[in-house]
Amino acid sequence: MRFSKMHGAGNDFVVLDLRDGRAPPTPADCARIADRHFGIGCDQLLTIEPARSAQAVASYRIWNADGSVAGQCGNGARCVAAWLVRAGAAPAQGAFSIDSPTGAHAVQRNADGDFVIDMGAPRFAPAEIPLLGFVQAQDAYPLELDGRVLAIGAVSMGNPHALLEVDAVETADVAGLGAALQRHPAFPQSANVGFAQVLAPDRIRLRVYERGAGETLACGSGACAAVAVLDRRGQVHAADGVTVELPGGVLRIQRRADGHLWMAGPAAFVFEGEWS
Ligand SMILES: N[C@H](CCC[C@H](N)C(=O)O)C(=O)O
């Protein structure tokens, strides 16, 4: 089966074209493809499939490296958009729409050639994250972890996110705290755990310990989640745009008048291949 290897700010993907209706790989196949020694290697596998909504040019689905299914992938959405343009299935400069597992997303192109994706409105209601043990949305939730009570932000971008503020991302215990929070009973569907350092109202640094993949070099929905939580706390001004510096690259997130977060960033092709 032919595949494309791509990345968005270092978050890397194997992309499969299933628009002919072929069945998607099983979770076990996804994990094998994602394996960086016995397979091709990627953080997530993306399948491109026929559109599910009338206005979209195609739809996509997302599997993490461990074979688990995800509801959203921001870096993956930009790579899907770039893939569709190169395949001639979407306009190179105009706007179009793609269907993610959790809804349709408008796609635009900015002057730098980056893809700009409408990632939708953040969902803060605990029931939508999901987050157990709380009813009302809060700026931070007191969660006990290893005998300490941490103030955790939580939000859904179509997938669950937790957020910890840190003084310096370099020294954050990303793997330790990330894995522990993913196992916390408050997150019944686990979570992508972001570690954010606020530099200014328009600039943050972020590392993300992703559900089903571990720490990645970038997480698009995680960048949106961090900006959403910090914006709600008044620590960044998302309406003016926030630059999110991740280990693999830079994303720009802006809240528009309708409350949706639009994410701009790169999408790169690395190579094409044949999966036997
Ligand atoms: N690990 C995520 C899916 C990939 C998200 C990330 N790669 C992005 O760019 O948003 C989850 O299980 O919800």
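Just follow the structure's listing: the first ligand is 1, and inside any ligand the first atom is 1.
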Quiz prompt | Heavy atoms of other groups near Q136 CD, more than 12 under 6.0 Å | solution = no
Quiz item: What residues form a ring pair (Phe, Tyr, Trp, His ring centres under 6.0 Å) with F3, not counting sequence neighbours?
Solution: F271
Practice problem: Kindly write out the residues that satisfy ring pair (Phe, Tyr, Trp, His ring centres under 6.0 Å) with Y141, not counting sequence neighbours, or none if the list is empty. | Solution: F134
Quiz prompt | Ring-face cation of R32 near F38 (centre distance under 6.0 Å, axis angle within 45°) | solution = no
Quiz item: Taking only residues two or more places apart in sequence, or in another chain, which ones meet D20 in a side-chain contact (heavy atoms from CB on, under 4.5 Å)?
Solution: R22
Quiz item: Taking 4.0 angstrom as the limit, do R252 and D202 come out as a salt bridge?
Solution: no
Quiz item: Measuring from each atom of ligand 1, which residues have a heavy atom under 4.0 Å away?
Solution: N11, Q44, N64, A70, Q72, C73, G74, N75, N159, N192, E210, R211, C219, G220, S221
